[in-house]
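To find a chain, count down the sequence lines: A is the first, B the second, and so on, and within it residues start at 1.
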Amino acid sequence: MSAVVSLTNVEKSFGAVKVLNGVSFEVARGEVAAVIGQSGSGKSTALRCINALETIEGGQIMVCGHAVHDPKLDKKTLRRDVGIVFQSYNLFPHLTAEQNIMLAPTCVKGIGKAAARDLAREVLARVGLEAKADHFPEQLSGGQQQRVAIARSLAMQPKLMLFDEVTSALDPQLTGEVLKVMEDLARGGMTMILVTHEMAFARKVASKVIYMHQGTVWETGPGAMLDDPKTPELRAFVGSGL
Amino acid sequence: MTYQFDFAALLPYWREFAMGVWLTLQLSFVATVLGFVLGTLCAIGRSDGAPWVKALVACYVEVIRNTPLLVQIFIIYFGIATLGLHVDANVAAVLALVVNVGAYTSEIVRAGLESIHKSQLEAAECLGLSRPQTYWHVIVRPAIERVYPALTSQYVLLMLASSITSQISAEELTAVANRIQSDTFRSFETYIVVGVLYLALSFVVRIAFWLFGLVVFVRRRKLGTAL
C-alpha cells in the first residue's frame with residue numbers, strides 16, 4: 001500500500017545470461033533497505049532497473065507511482081523522484097563541487113543561479129563539505145567526492161535514494177565518513193535502497209535486509225537476520241565476512 | 001656564390017607586408033570560427049546521429065582528408081563560378097578553408113567526445129538532464145577542453161595553409177609577397193621576410209589560443225594545467 005518501490009517477478013538477461021530471475025521485494029516509505037549478496041547475484045542490476053537504467057524483460061516495477069516496466073515511461077519524471085549515487089562517484093570533472101550540484105536544479109527545474117547556489121551550499125553543509133564548494137573533484141578525496149555526489153542527488157529533493165556500492169572504492173576511514181552521511185539521511189526519514197558489502201552498516205542502519213542469490217531474493221528480513229541466517233547460502237555468505 | 005642580400009629594397013613595401021599579415025589573420029580567424037562550429041556539429045553527428053548522418057559525415061571527412069587542399073580550393077572556386085555565381089576570391093578561400101578544417105576538426109573533437117566515459121552520461125541522465133543539456137554541459141565542453149591542444153595545432157596549420165589560397169588570388173600575406181617580389185625582383189629576401197612573418201603569426205595564434213583557453217577552461221586556470 002504505502003510501498004514506495006515494489007518489484008514483482010522482475011526478469012532481466014544480458015545476452016544468454018539470466019541476471020534477474022523473478023525478483024520481488026517491496027520498500028515502504030522511510031524504510032532503509034540493504035541489498036546484499038555475492039558479486040554477480042544481480043543486486044546492482046536490480047537497483048539499476050529501479051531507475052530505468054536497464055530495461056526489464058518481465059515482471060513489474062512500481063516506483064513512487066511510476067510504472068517503470070511500461071515502455072511508455074517518461075524517464076524524466078521518474079528521475080525527479082529518484083536519486084542515485086554510483087560506486088565511481090561520476091562527478092563532472094570540469095565543474096566545481098558547487099557547480100556539480102547546481103547543474104541539475106538550474107537545467108531541469110529552471111531554478112535561478114543564485115537560488116541554486118544557496119541550495120548547493122545547503123546540501124554541501126548537510127554532507128559536511130561547505131568549505132569545499134569551490135574545489136574541483138580532482139582536488140577532493142574519494143570520500144569527499146562521494147559526499148558531493150550524494151549532495152548533488154539531494155539537491156533534486158528525491159523521494160527515494162539509490163546507492164550502488166558507494167563505498168566499495170574507499171578505504172575504511174573514508175568509508176566511515178560516507179556511511180555517516182548515509183546514516184544521517186536515514187535518520188532524517190529518507191527512503192533508501194543500498195547495494196552494499198558493508199555488513200555492519202546493513203545490520204545497524206537497514207530496516208530491511210534483502211539477500212540476493214543467483215538472480216532471486218533468497219532471504220529477507222530485518223537487520224538481525226544477519227545474526228541468524230535461515231538458509232545455508234546466507235550463512236556461508238555472512239560467515240565468509242570474518 | 002656571392003649573393004648580395006638587399007633587404008633595404010623591401011623597406012618601401014612595409015605597409016603592404018603589414019596589410020598582408022592583417023588579411024591572413026582575418027582570413028584565418030573567420031575560417032577557424034566557422035570550421036570549429038562545422039567540425040563540432042559533424043563530430044556530434046558522427047558519434048550520435050542517425051545512420052545516414054553518420055555515413056554522410058564519414059564520406060565528407062574521408063574525401064577531404066584524402067585530397068589536396070589546393071585541389072579543394074580550385075574545385076570550390078571554379079565550381080562556384082561554373083554555377084553562374086560570382087563570389088569574391090576571398091569568400092571562396094574562406095569557404096574552402098572552412099570545408100577543409102571542418103573535416104580535421106570533426107575527427108579531433110570526435111576523439112574528445114569518445115573519451116568521455118559512459119558513466120558521465122548516466123549520471124547526467126539520472127539527474128534528469130535532457131539529451132541536448134547533457135551534450136552541452138557534460139560531453140562537449142569537457143571533450144573540447146581535453147582536445148584543446150590538438151585543436152590549437154590544427155588551427156595554426158590552418159593559418160599556415162591559408163597561404164595556398166594565394167593561388168586563386170585571395171588577398172593574404174603570400175599573395176602580397178608574390179606581388180612584391182615581382183615588383184622588386186628580390187624573391188629570396190621577400191620570402192625570407194614572409195617566412196619570418198608567418199613564424200611570428202604562428203606564435204601569435206598560439207598565444208591567442210592559450211589565453212582563450214585560460215578564460216574558457218576555468219579548471220585549467222585554477223589547477224594550472226599547461227597547454
Side-chain angles (χ1 to χ4, degrees), chain A residues 47-48 50-54 74-111 134-140 145 148-158 160-164 169, chain B residues 36 40 43-44 47-48 108-152 209-227:
Chain A
L47 196 77
R48 291 167 60 83
I50 292 171
N51 202 18
L53 277 172
E54 308 285 353
D74 180 4
K75 290 183 184 178
K76 277 195 83 171
T77 61
L78 169 73
R79 284 162 184 163
R80 280 190 166 223
D81 290 337
V82 184
I84 184 164
V85 184
F86 301 94
Q87 180 181 345
S88 50
Y89 333 130
N90 300 354
L91 293 177
F92 306 127
H94 60 297
L95 301 177
T96 62
E98 184 180 82
Q99 290 166 336
N100 261 280
I101 296 167
M102 289 166 62
L103 185 61
T106 49
C107 281
V108 181
K109 290 190 173 171
I111 294 172
D134 294 327
H135 285 57
F136 287 91
E138 66 190 91
Q139 296 173 296
L140 301 171
Q145 288 190 50
V148 173
I150 293 172
R152 183 173 69 174
S153 272
L154 286 177
M156 293 301 281
Q157 287 146 339
L160 166 71
M161 287 278 284
L162 307 175
F163 296 85
D164 189 4
Chain B
F36 174 73
T40 303
I44 293 173
S47 58
D48 203 34
I108 295 173
V109 173
R110 187 164 70 105
L113 296 180
E114 283 174 5
S115 76
I116 303 297
H117 201 271
K118 205 175 130 268
S119 59
Q120 293 277 305
L121 277 76
E122 249 175 24
E125 193 188 332
C126 289
L127 286 167
L129 268 66
S130 67
R131 196 97 187 123
Q133 285 169 340
T134 304
Y135 249 97
W136 176 243
H137 292 287
V138 178
I139 305 177
V140 174
R141 287 178 56 181
I144 288 170
E145 183 176 333
R146 220 171 265 188
V147 297
Y148 194 67
L151 285 176
T152 303
F209 267 89
W210 181 69
L211 290 173
F212 185 74
L214 286 186
V215 173
V216 175
F217 305 124
V218 182
R219 179 172 60 147
R220 280 183 185 273
R221 185 168 72 230
K222 291 259 174 73
L223 303 183
T225 319
L227 278 179

Student: For a quick test of reading the model, state the closest non-hydrogen atom pair linking B:Val138 to A:His94 and the distance between them.
Tutor: CA-CE1, 4.4 Å

Student: Heavy atoms only: give me the nearest A:Asn51-B:Cys126 pair and the separation to one decimal.
Tutor: ND2-SG, 3.2 Å

Student: I need the single residue from A:Arg152, A:Arg79, A:Arg80 that forms a side chain to side chain contact (heavy atoms under 4.5 Å, CB included) with B:Leu127. Which is it?
Tutor: A:Arg152

Student: Let me know if A:Val85 has heavy atoms under 4.5 Å from chain B in its side chain, its backbone, both or neither.
Tutor: neither

Student: Under 4.5 Å, counting heavy-atom pairs only, tell me which of A:Gly83, A:Pro93, A:Ser88, A:Ala52 racks up the most with chain B.
Tutor: A:Pro93

Student: Top residue by heavy-atom pair count (under 4.5 Å) with chain B, among A:Cys107, A:Ser153, A:Ala104?
Tutor: A:Cys107

Student: What distance do A:Leu95 atom CG and B:Arg219 atom CZ have between them, rounded to the nearest 0.5 Å?
Tutor: 9.0 Å

Student: Need one label for B:Gln120: side chain, backbone, both or neither, based on atoms under 4.5 Å from any heavy atom in chain A.
Tutor: both

Student: Out of A:Leu103, A:Ile84, A:Leu162, return the one with the most heavy atom pairs under 4.5 angstrom to chain B.
Tutor: A:Leu103

Student: Between A:Pro158 and chain B, with a heavy-atom cut-off of 4.5 Å, which part of the residue counts as in contact: side chain, backbone, both or neither?
Tutor: neither

Student: Of the backbone (N, CA, C, O) and the side chain (C-beta and beyond), which part of A:Leu91 lies under 4.5 Å from a heavy atom of chain B, both, or neither?
Tutor: backbone

Student: Please classify the contact of A:Asn90 with chain B as side chain, backbone, both or neither, using a heavy-atom distance under 4.5 Å.
Tutor: both

Student: Just wondering, do A:Phe92 and B:His137 contact through their side chains at under 4.5 Å, heavy atoms?
Tutor: no

